[in-house]
Amino acid sequence: MTTASANEAIPRTPSELRDALMDLAATMSDVISLGLGDPDLATPPHIIAAAKGAMDRGDLGLTPPAGLPELRRAIAAKLHRENGIDVDPMREVIVTTGGQEALFLIMAAIIDPGDEILVPDPRYSSYDDAIEMAGGRMVFVPSDEAHDFDLDPAEVEARITPRTRAILYVSPSNPTAGMVSPSNIRRIAQIAQDHDLVVISDEIYEHYVYDDAEHLSIASLPGMKERTITVNGASKTFAMTGFRIGYVAGPAHVVDAMVRLKAVINVAAPTISQWAVVAALNGPQECVEEMRQTYAARRSLLLAALDRMGFTYGAPRGALYVWANSASTGIPSTELSYRFLTEGRVLIFPGTGFGGQWFDYMRITLLQPIDILEEAARRMEDVIARYRKGAE
Amino acid sequence: MPTSYRMPVAERVGRCLSPGLNGDRRRLASPDQLDLSGDGVVQSVPPHVIQAAKDALDAGETHYTSRTGVPALRAAVAADVNARHGLDLGAEDVVITSGGLEATFAALWIGLANEDGARLVCADPNSPAIAQLACLAGADVRRFSTNPDDGFLVRADAVRDALAGGARMLMLSSPDAVTGVSLPVDELAGIADLAEEHDPIVVLNEAGVRCTYPGRPPTSLRDAPSLTNRTVIVGSFSRDYRLAGWRVGYFAARGEVFARMRSLKVALSICSTAVSQFAALAAITGPQDWIEAQRDEFAQRRAAFTASLERAHIRVVPADAFPYVWVDLRPFGLDEPAALSRLAAAGITPRGGSEFGRAGAGCLRFTLALPPDDLAAAGARVAAALAG
């Protein structure tokens with residue numbers, strides 16, 4: 001298949017594009033996936049033991065739609081301990097079937113048709129589905145490599161209209177690995193208060209920050225708890241994506257709306273998974289720091305390889321990705337992704353999977369062991385070297 | 001700067017959704033009270049299913065599965081559906097969901113949302129969740145009535161009346177999730193003809209298909225082959241395999257509606273819980289004797305509960321599947337509030353039939369949530385209370 005035909009064959013809507021690449025990869029052997037954001041590290045044993053313990057006790061029945069009271073209390077304690085957010089576990093917390101469902105429930109609970117949501121560009125494209133299903137409209141706030149993909153409050157404020165209902169951001173960011181700096185978070189908080197807006201703060205990668213980066217939960221700032229919906233989950237922090245547990249903290253009446261939605265959409269999150277997350281949140285936390293150090297080492301390796309390839313990037317301060325600028329190759333990232341997959345057997349999502357204009361960028365995950373990551377880098381370098389030689 | 005702030009809530013929430021109690025379980029007034037208002041799902045899971053779940057955890061199945069579900073589970077579901085309906089679906093025609101209700105949501109949303117004037121036709125009585133989901137999708141609901149005097153049987157004539165004027169979707173349920181009554185075989189051909197005439201998407205919810213009483217075969221699309229190409233089959237492992245808390249369901253079909261439902265499921269929750277899927281795989285592919293034993297057990301429970309009622313000449317509506325017993329109060333000269341009041345005084349909590357629609361008014365629904373001996377005593381208390 002020629003590159004041209006490959007480009008024609010690959011769909012261009014963000015979700016379809018990623019799906020098409022994953023489907024293609026599934027037909028191939030010996031593919032190294034640096035695509036999906038699924039931690040490769042093992043779920044810590046005390047969490048597995050807790051899941052088994054629930055089975056042994058027979059704690060298997062349906063939970064309330066809002067979640068196990070024990071888990072809601074554990075979440076509230078975590079939010080107090082780690083984020084400086086004080087919530088009533090029985091009224092201001094809901095457990096969801098993964099963070100993605102949390103986003104859907106939030107949008108359905110607060111967005112009316114025609115409402116505008118300010119979303120950083122590039123963005124995690126699952127936001128598109130949740131916002132569109134609620135009838136909302138995304139208004140993109142630009143971010144760029146020169147500013148390490150921080151969210152500029154002035155750019156946010158410039159896009160506020162009478163239809164703006166919320167500001168949504170994820171920090172650390174998927175896909176850019178950038179972070180919204182604490183000073184900018186404070187300015188965004190002020191903007192939200194000045195314009196009477198909701199802030200949706202996706203903090204799913206909060207524990208994976210590097211160098212001197214600092215995570216700040218906007219709901220902990222004065223006057224922000226009542227206007228903030230905080231999204232988080234266990235999937236990334238504890239390498240347990242398959243358990244499908246996310247959670248949301250927000251004002252009681254909004255959480256109540258989400259509970260009512262959850263009750264008719266899929267009743268409740270899986271019980272075994274909820275018990276596992278009780279253990280994750282209440283148990284030892286050293287495993288999280290160990291995982292962070294593992295990702296940090298991989299990140300160093302990958303950045304060095306990208307430097308050799310002539311890729312650039314904004315400082316990747318957090319998350320499990322590098323958002324790499326491949327413009328120096330002269331190959332649009334959709335095509336480059338296809339080449340990496342078919343010629344190098346490395347699956348990487350092109351930037352256009354996270355916003356149509358990002359054809360010079362790729363999202364590369366840190367979610368392979370060091371030796372496999374080294375092999376992936378070698379394959380990528382070979383693909384680029386062959387292309388450059390052919391282009392001479 | 002505003003001095004006080006109340007976050008806005010979308011208009012759809014108040015318009016479509018029932019007020020909740022933040023989802024927490026209701027608390028009974030005293031330990032002597034018998035709650036026969038629940039979902040009746042048995043919680044004990046057979047050891048081989050538990051072992052399969054533990055083995056999956058030990059094998060590292062703690063990460064995302066294939067987005068549409070574990071291939072072996074999809075294949076097993078396809079084989080099961082094929083055997084029941086004479087179809088030739090493959091694993092690629094099945095998507096595993098987070099419980100059966102998520103599959104129903106996906107069907108209703110894809111079938112009804114963003115369609116001007118979309119209408120859902122479904123049975124009365126029905127689960128309150130169905131009308132709420134249709135409302136969220138912006139659809140109108142028209143119900144075809146069933147009647148306790150007629151055993152809540154779905155009649156093609158009633159479906160015809162409801163379909164008059166058109167409908168985007170027809171939802172059928174067999175056994176019915178609320179009444180436990182299966183679609184009558186001799187009405188299926190007529191319903192299939194109506195579907196041909198009006199061209200709706202058909203959703204066949206067969207959650208509880210393994211909960212039929214002994215001697216009551218499940219509904220099969222072999223009796224209405226023209227429905228197969230327009231039908232999305234929705235199922236659940238909750239009551240069928242006692243896995244309600246594990247949240248595993250599925251939908252099976254082909255075509256554009258299926259493809260769009262698959263995309264919605266992935267957008268909503270990426271994939272379903274890995275360990276739950278491996279438990280479900282063991283349940284559906286492993287020994288089935290416990291399923292047969294469950295049928296016998298619930299037949300005993302029903303007989304035990306209804307014996308006193310029938311002796312008191314209280315009309316019990318026939319059912320094909322557990323776990324519910326519907327009692328028709330109307331011949332007894334009692335209205336629903338009065339009956340509920342008497343039963344509350346007697347320490348029994350059922351559900352009022354009107355909670356499920358107009359066709360359920362004048363009835364009570366009891367869940368067979370206790371062992372036979374306890375249900376026999378409960379039935380006697382109910383009979384005494386209603387007899388006044």
Side-chain angles (χ1 to χ4, degrees), chain A residues 15 36 38-39 42-43 48 51-52 55 58 60-66 69 90-91 97-98 100-101 104 108-112 126 129-130 134 165 193-194 196 198 226-227 239-244 250-251 253-257 259-273, chain B residues 1-2 4-13 17-20 22-25 39 41 43-45 50 53-54 57-58 60-65 67 97-99 101-102 105 109 113 128-129 132-133 136 238 242-247 263-264 266-276:
Chain A
S15 299
L36 206 59
D38 188 1
T43 309
I48 301 295
K52 292 180 180 176
M55 294 182 208
L60 304 170
L62 272 174
T63 73
M90 295 301 110
R91 298 174 63 245
T97 308
Q100 197 146 305
E101 188 204 45
F104 172 82
I110 68 164
I111 300 301
D112 284 311
S126 290
D129 299 311
R165 179 153 286 188
Q193 294 183 41
D194 290 346
D196 241 359
V198 176
E226 61 267 33
R227 62 178 71 246
M240 53 189 299
T241 49
F243 286 83
R244 312 304 307 123
H253 67 286
V254 174
V255 167
D256 179 68
V259 170
R260 290 156 69 177
L261 285 158
K262 173 97 178 147
V264 297
I265 288 172
N266 64 16
V267 185
T271 307
I272 291 294
S273 300
Chain B
M1 189 174 77
S4 66
Y5 175 79
R6 182 176 170 84
M7 192 178 287
V9 169
E11 179 271 344
R12 67 175 68 84
V13 173
L17 300 171
S18 301
N22 210 7
D24 291 316
R25 293 186 181 97
D39 58 20
V41 176
Q43 305 298 352
S44 61
V45 180
I50 293 292
K54 290 181 176 178
L57 293 175
D58 288 340
E61 296 289 358
T62 62
H63 297 273
Y64 293 131
T65 69
R67 289 156 293 160
T97 56
S98 298
L101 193 55
E102 187 180 78
F105 166 71
W109 188 269
Q132 293 180 51
L133 289 173
L136 288 173
S238 292
R242 306 181 187 172
L243 293 175
W246 302 65
R247 311 308 304 132
S263 296
L264 173 59
V266 173
L268 183 63
S269 51
I270 303 181
C271 66
S272 298
T273 299
V275 65
S276 299

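Since the model is a prediction, treat every value here as computed from it, not as a measurement. The analysis underlying the following values was restricted to heavy atoms, covering all of them including side chains, and did not include hydrogens, waters or symmetry mates.
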Side-chain heavy-atom pair A/Arg244, B/Tyr64 within 4.5 angstrom cut-off: yes

So do the side chains of A/Leu261 and B/Leu136 get within less than 4.5 Å of each other, counting heavy atoms only? yes

Could you grab the distance from atom CG of B/Leu101 to atom CG of A/Asn266, nearest 0.5 Å is fine? 7.0 Å

Would you mind telling me which of A/Gly250, A/Ala108, A/Ala42, A/Ala269 has the largest number of heavy-atom pairs within less than 4.5 Å of chain B? A/Ala108

Is it the backbone or the side chain of A/Ala263 that comes under 4.5 Å from a heavy atom of chain B, or both, or neither? backbone

Highest number of heavy-atom pairs under 4.5 Å with chain B among A/Ala51, A/Gly58, A/Gly98, A/Ala134 belongs to A/Ala134

With side chains defined as the heavy atoms from C-beta onward, is the minimum distance between B/Arg6 and A/Glu226 less than 4.5 Å? no

Backbone of B/Leu17 reached by a side-chain donor or acceptor of A/Arg260 within 3.5 Å: yes

With a 4.5 Å heavy-atom cut-off, do A/Pro251 and B/Met7 have their side chains touching? yes

State the CG-OG distance between A/Asp129 and B/Ser263, to the nearest 0.5 angstrom. 8.5 Å

Rounded to the nearest 0.5 Å, what's the gap from CG on A/Leu36 to NE2 on B/His63? Could you check? 11.5 Å

Sort A/Phe104 into side chain, backbone, both or neither according to what part of it lies under 4.5 angstrom from a heavy atom of chain B. side chain

So what's closer than 4.5 Å to chain A heavy atoms on B/Ser269: side chain, backbone, both or neither? both

Any side-chain heavy atom of A/Ile272 sitting closer than 4.5 Å to one from B/Trp246? yes

Give, as side chain, backbone, both or neither, the part of A/Ser273 having an atom under 4.5 angstrom from any heavy atom of chain B. side chain

Mind checking the CD-CD spacing from B/Glu102 to A/Glu101? Nearest 0.5 Å is all I need. 7.0 Å

Pick whichever of B/Ala129, B/Pro8, B/Ser272 has the most heavy-atom pairs under 4.5 Å with chain A. B/Pro8

Atom pair CZ/OG1 of B/Arg247 and A/Thr97 - distance to nearest 0.5 Å: 8.0 Å

Check: A/Gln100 and B/Leu268 side chains under 4.5 Å, non-hydrogen atoms: no

State, yes or no, whether a side-chain contact exists between A/Leu60 and B/Leu243 at a heavy-atom distance under 4.5 Å. no

Top contributor to chain A contacts, counting heavy-atom pairs under 4.5 Å, from B/Gly60, B/Cys271, B/Ala113: B/Cys271

As an exercise, state the distance from CG of B/Asp58 to NZ of A/Lys52, rounded to the nearest 0.5 Å. 3.0 Å

Audit row: A/His253, B/Val13, side-chain contact (heavy atoms from CB on, under 4.5 Å) steps and yes/no: CA-CA 11 Å; A/His253 67 286; B/Val13 173; over 6 Å; no

For chain B, the option from A/Val254, A/Ile110, A/Thr271 that forms the most heavy-atom pairs under 4.5 Å: A/Ile110

Select one option (side chain, backbone, both, neither) describing which atoms of A/Ala130 are under 4.5 Å from chain B's heavy atoms. neither

Is B/Tyr5 close to A/Val198 at the side-chain level, that is, under 4.5 Å between some pair of heavy atoms? yes

If you tally heavy-atom pairs under 4.5 Å against chain B, which of A/Thr43, A/Ile111, A/Val267, A/Ile265 wins? A/Ile265

